[in-house]
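The structure appears below as structure tokens.
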Amino acid sequence: MACGPGGTLFTEAETYPGAIALARHQRTHLVGVSMDGEGVVPEALDRALSARRPGPAALYVTPTMQNPTTATMGRARREAIVAVCRDHDIAIIEDDVYTLAADRKLPQLAMLAPERTFYANSMSKTLNPALRIGGLVAPEPMYAHIEAALQATAIMVPPLSCAVMEQWLIDGTAEVVSRSIQDESDRRLALARSMLGAMMREPGHQGYHVWLPMPRLEAQGLEHAASALGVLVTPPSSTAADTEAPDGGVRLCLGAPSIADLSTALSAIARLRLEVRTADSRLIL
């Protein structure tokens, strides 16, 4: 709805694989924007938008616990991104699915720019991945278009999931489960820190994934070496908006394995990271 076929979708240089796949499926031009520890760099976004080709455009962004890099925008960064989008009059698509708990100091972009922001959230991370229920807040002038698109693609929300969600909200289960998920996130992140150390970027928020920044060729080498040991990681190529960019990394998903399996896998990743880095250094020499 925001940019459509033939339009341009701007994203973080490393972004959610589903956004990349959807853009390619819809034949939407995809442009990755440089990032730092807080996500999209406002100056880089301004330059990219100034050089964009004619036609509709939108920014797809995950301000909190960004997938895959775990970057979280501070208040000032959020305001700067909104200002750039206003200056260039483009829509914002805000993916807030990884926010496990609200933070008053970090308002959603939709609260800062409700006139241009499509805000998406879901129960899948905060309560249960089997609850396939998402929520969308859109600018009011787009309501009719959004409803038509949803009717054409999704038809309706699964009634059983709605019944479960309603009961959980009424009887307090949702609050208990959400708190448990946050506690388990802290536990697993602590385990990852203890085994990966400086190899991983410190996450900007609670969550269930971590990011190991490294050159793209090293990331690909790590993925292949881990796969040979039966440890599956997010393919580095799947998160890159620009597959030719030299920098990248590896996203590790911490949520699915048991703690025992996770410990074994993280130990293997730590060892392989050193081996891949050493091998790459030898090639350079």
Side-chain angles (χ1 to χ4, degrees), residues 1-5 7 9 11-12 15-28 56 58-68 91-103 106-185 205-209 234 238-239 253-256:
M1 297 307 304
C3 52
L9 183 66
T11 73
E12 300 103 337
T15 191
Y16 171 50
I20 296 174
L22 182 58
R24 290 172 178 166
H25 176 71
Q26 292 195 159
R27 298 182 182 178
T28 300
L59 170 68
Y60 168 80
V61 65
T62 306
T64 301
M65 198 61 180
Q66 197 263 347
N67 180 0
I92 301 170
I93 304 167
E94 181 179 11
D95 184 347
D96 198 29
V97 70
Y98 295 102
T99 298
L100 298 186
D103 187 340
L106 301 176
Q108 287 84 3
L109 303 185
M111 296 179 69
L112 300 175
E115 82 285 353
R116 68 184 61 252
T117 303
F118 297 79
Y119 173 86
N121 209 323
S122 168
M123 297 289 180
S124 63
K125 306 299 181 186
T126 53
L127 288 181
N128 192 300
L131 288 179
R132 310 309 295 173
I133 300 177
L136 176 66
V137 180
E140 190 170 347
M142 297 297 294
Y143 279 8
H145 298 289
I146 291 291
E147 288 177 352
L150 288 174
Q151 288 172 358
T153 56
I155 301 180
M156 66 181 296
V157 177
L160 182 58
S161 291
C162 285
V164 172
M165 179 187 71
E166 180 180 6
Q167 184 61 40
W168 282 14
L169 290 173
I170 290 173
D171 65 17
T173 300
E175 184 175 350
V176 173
V177 171
S178 178
R179 183 67 260 171
S180 177
I181 287 173
Q182 294 173 53
D183 291 343
E184 185 65 14
S185 164
H205 200 267
Q206 288 178 311
Y208 277 90
H209 63 276
T234 303
S238 70
T239 64
C253 304
L254 307 181

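Computed from a prediction, not measured in an experiment: that's the story for all the values here.
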Discussion item. Main chain of Q66, side chain of H205: is a donor-acceptor contact present, judged purely on distance under 3.5 Å?
Written reply: no
Item to complete: Enter the distance from L136:CG to F118:CZ here, rounded to the nearest 0.5 Å.
Response: 7.5 Å
Item to complete: Report yes if the side chains of I20 and S238 come closer than 4.5 Å at any heavy-atom pair, otherwise no.
Response: no
Worksheet item: Near I170 CD1, under 6.0 Å, is it more than 12 heavy atoms from other residues, nucleotides or ligands?
Response: yes
Practice prompt. Apply side chain to side chain contact (heavy atoms under 4.5 Å, CB included) to the pair N67 and Y98, showing each step before the final yes or no.
Written response: CA-CA 8 Å; N67 180 0; Y98 295 102; 2.8 Å; yes
Worksheet item: Taking it one step at a time, do D96 and T64 satisfy side chain to side chain contact (heavy atoms under 4.5 Å, CB included)?
Response: CA-CA 7 Å; D96 198 29; T64 301; 4.1 Å; yes
Discussion item. Counting C-beta onward and ignoring hydrogens, is there a side-chain heavy-atom pair between S124 and V97 closer than 4.5 Å?
Written reply: yes
Item to complete: Could you tell me the separation between the OG atom of S185 and the NZ atom of K125, rounded to the nearest 0.5 Å?
Response: 12.0 Å
Discussion item. How long is the straight-line distance from CD1 of I93 back to CG of L9, given to the nearest 0.5 Å?
Written reply: 5.5 Å
Item to complete: Verify the distance criterion only: is there a donor paired with an acceptor across the side chains of Q182 and S178 at less than 3.5 Å?
Response: yes
Worksheet item: Just by modelled atom types, is the C253 backbone N or O under 3.5 Å from a matching donor or acceptor in the Y208 side chain?
Response: no
Item to complete: Determine yes or no for a side-chain-to-main-chain donor-acceptor pair under 3.5 angstrom, with R27 supplying the side chain and R24 the backbone.
Response: no
Worksheet item: Are side-chain heavy atoms of D95 and Y60 found at a separation under 4.5 Å?
Response: yes
Discussion item. Measuring from atom CG of L131 to atom CD1 of I133, what distance do you get when rounded to the nearest 0.5 angstrom?
Written reply: 5.5 Å
Worksheet entry | Enclosure of E175 CD (heavy-atom neighbours >12, cutoff 6.0 Å) | no
Worksheet item: Side-chain contact, heavy-atom cut-off 4.5 Å: N128 with V177?
Response: no
Worksheet entry | Straight-line distance of E147 CD to H145 NE2, nearest 0.5 Å | 11.0 Å
Discussion item. For a quick test of reading the model, state the closest non-hydrogen atom pair linking M156 to P159 and the distance between them.
Written reply: CE-CG, 3.7 Å
Item to complete: Using a cut-off of 6.0 Å, state whether more than 12 heavy atoms not belonging to Q26 lie near its atom CD.
Response: yes
Worksheet item: Are any of the side-chain heavy atoms of E12 and T62 separated by less than 4.5 Å?
Response: yes
Response to the item:
Tightest non-hydrogen contact, residues V157 and C162, listed as CG1-SG, 3.4 Å
Item to complete: Without swapping roles, check the side chain of Q206 against the backbone of L100 for a donor-acceptor pair under 3.5 Å.
Response: no
Item to complete: For the residue pair P68 and T234, establish whether any side-chain heavy-atom pair is separated by less than 4.5 Å.
Response: no
Practice prompt. Quick one: pull up CG in L127 and CH2 in W168 and give me the separation to the nearest 0.5 Å.
Written response: 6.5 Å
